Amino acid sequence: MLGAMQDWDLRVTRIIDHAAREHPNREIVSRWADGSETRTNWAEVRHDALKMTQALRKLGVQPGDRIATLAMNHSRHLVSWYGAVGVGGVLHTINPRLFDDQLEYIANHAEDQVLLYDAAFQPIIDRMKPRWTTIRHYICFDNGQFEDWIAPEDGNAEWVTGDERDPCMLCYTSGTTGNPKGVLYEHRSTMLHAMTSIQPALFDFDARSVMLPVVPMFHAASWGLPWGGAAAGIKFVFSAVNDPAVLCELMNREKVTHSAGVPTVWLATFQHMDATGVTLPHLRQAIIGGSAAPRFMLERLMKAGVNVAHAWGMTETSPIGTTGARTWDWDDLSFEQQVDIKVMQGRTPFGVEIRCVSLDDPTQELPRDGQSSGALQVRGPWVIKRYFKAESDATDAEQWFDTGDVAIIHPDGNLQLTDRTKDVIKSGGEWISSVELENAAMSHPAVAEAAAIGIYHPRWDERPILIVVKKAGAEVSGEEIKAHLTKTVAKWWLPDAVEFVAEIPHGGTGKVSKKDLREQFRDYKLAE
Ligand code: ADP
């Protein structure tokens, strides 16, 4: 027997229908690379997306075809998300910061048919065109070209309908080892993820919120915000440039209440605020993820009255995995206790399950005791089952996906990431968390950025060294940093050496590239 409720398939075009119907005039502001600004709203975004489906059909695009974008955050990019999925296509957001070999690989592997791009990335297009074998149509978002392309259409069209398990979006992981791998999201998985993202315990936004997402639309679907934001009918403020002066100016003028970005974005914002004295009086909620938010960052935001959603996730989890949701006894906790909790990666919302298994024996599930650290696994309806075009599933029979992260789960459900399986440092048979060393180092007032890597050691197998970028004008010695570390880390964890550099390499998504650092320090010799 089946139940007796209506058929309402979970297709993401329903989200934009809802936004245009219930929040038609809610604004979408875009600040473009040339400094100009435009304003549109949810009703117009929907209308333009429908026009785009008509224009795509004229190009011969069929349901299932991949439609790629190479673009920063702005309203035309937003329109193209809904236009691409509305014609039944699969939106493929390409990260412009990838290397040429990766760009070649992913567009060809995805078999992209159409590419929409920002004029700023014209040099990439010129370079890559001969290497991209499947793209038939190139459409520039700028210089009136996107508008001219959809202008002949009237928007009097229907969204393509189909199964809710049809694919709607494709994102590639940056591939720190081997080729990038594609994660193929479904209408259903994306819709469930969007519905979850608008729970107050997650990002805490609603129709009154004004969101400036700094996290790019090409990075893990901008954490799902273009879908969830539409479902809640929020006002978006987009900036196609990530200059902190521009971001702060926009945040204050547009009264931005919510923003989202990786820790380095918040660091740059703080530096700008310190240099100019600018404050962000309207900001209420800071979403930080992608890598661990250091303690001082949380303290600073929380002291300013900003609630921090410190979130963990990955491209493979759409990306929401956990967020720093407040516990029932939150109001009874001291500020220090609250920071102790926020510095962890938070708890799962309904719809995500996590567990840790032993690093040495993956069949052994670890207790949630706040001490046992192991390989983090995850499952749920918006967690990957299989990589795009892969022959075998990435998950086991019970659908647990191995994240590559090392973590501890606390009795209250809080997840504490301690490292990535490939970054954790093994010294004399014991594990040292590179992340904890880095966080401890970054709490020193003279340290702008720090990264720890393992270096071969004949006796201990590996020993940590710490690579440090000093703050402009600050002076500090390696010994002083080590002395600072002894306050929070065990003595045998102390780095064997502290090396100062002008810059630490970052990968395509702005995270420290340990792979490049290891390469840089390949011939480094430690004293025995
Ligand atoms: P990539 O693997 O290409 O860097 P992702 O954005 O999918 O791309 O990265 C996911 C990884 O980022 C996670 O597996 C985890 O290691 C790290 N990560 C994400 N959020 C956090 C966080 N809040 N704290 C620490 N690490 C995080």
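Values in this document were obtained by computation on a predicted structure and should not be read as measured data. Just follow the structure's listing: the first ligand is 1, and inside any ligand the first atom is 1.
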Using the six-membered ring wherever Trp is involved, compare the ring planes of [X] and [Y] and label them parallel, tilted or perpendicular (cut-offs 30° and 60°).
X	Y	result
His109	Phe388	perpendicular
Phe141	His77	tilted
Phe205	His258	perpendicular

I'd like to check which ligand 1 atoms, numbered from 1 as shown, lie under 4.0 Å from a non-hydrogen atom of [X].
X	value
Leu417	25 (C), 26 (N), 27 (C)
Gln345	22 (C), 23 (N), 24 (N), 25 (C)
Ala292	22 (C), 24 (N), 25 (C), 26 (N)
Ala311	20 (N), 21 (C), 22 (C), 23 (N)
Met314	7 (O), 10 (C), 14 (O)

*Select the closest option to atom 19 (C) of ligand 1 among Cys171, Pro319, Gly290, judged by heavy-atom distance.*
Gly290

*asked:* For atom 22 (C) of ligand 1, tell me which residue out of Ala309, Pro180, Ser291 has the closest non-hydrogen atom.
replied: Ser291

*For ligand 1, indicate whether the residue Ala220 contacts it via side chain, backbone, both or neither (heavy-atom separation under 4.0 Å).*
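The answer is neither.
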
*Measure Thr315 to ligand 1 on non-hydrogen atoms and call it side chain, backbone, both or neither using the 4.0 Å cut-off.*
both

*asked:* So, 4.0 Å and heavy atoms of Gly313: is ligand 1 close enough to count as a contact?
replied: yes

*asked:* Would Gly404 count as a contact residue for ligand 1, given that I'm defining contact as a non-hydrogen atom of the residue lying under 4.0 Å from a ligand atom?
replied: no

*asked:* I'd like to know if the side chain of Arg188 reaches the main chain of Trp382, judged simply by a donor and an acceptor atom lying under 3.5 Å from each other, with no hydrogens or angles considered.
replied: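 Looks like no, no N/O pair under 3.5 Å.
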
*asked:* I'd like to check whether His219 has a polar contact with ligand 1, where a contact means an N/O of the residue lying under 3.5 Å from an N/O of the ligand.
replied: yes

_Among Asp405, Val435, Asp419, the one residue meeting side-chain contact (heavy atoms from CB on, under 4.5 Å) with Val424_ = Asp419

*Identified side-chain contact (heavy atoms from CB on, under 4.5 Å) partner of Asp423 from the options Lys515, Glu438, Lys514*: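 Running side-chain contact (heavy atoms from CB on, under 4.5 Å) over Lys515, Glu438, Lys514 with Asp423 returns exactly one hit, Lys514.
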
*Taking atom CD of Glu462 and atom CG of Asp496, what is their separation to the nearest 0.5 Å?*
11.5 Å

*When you check the gap from the basic side-chain N to the acidic O, do Lys471 and Asp274 get nearer than 4.0 Å?*
no

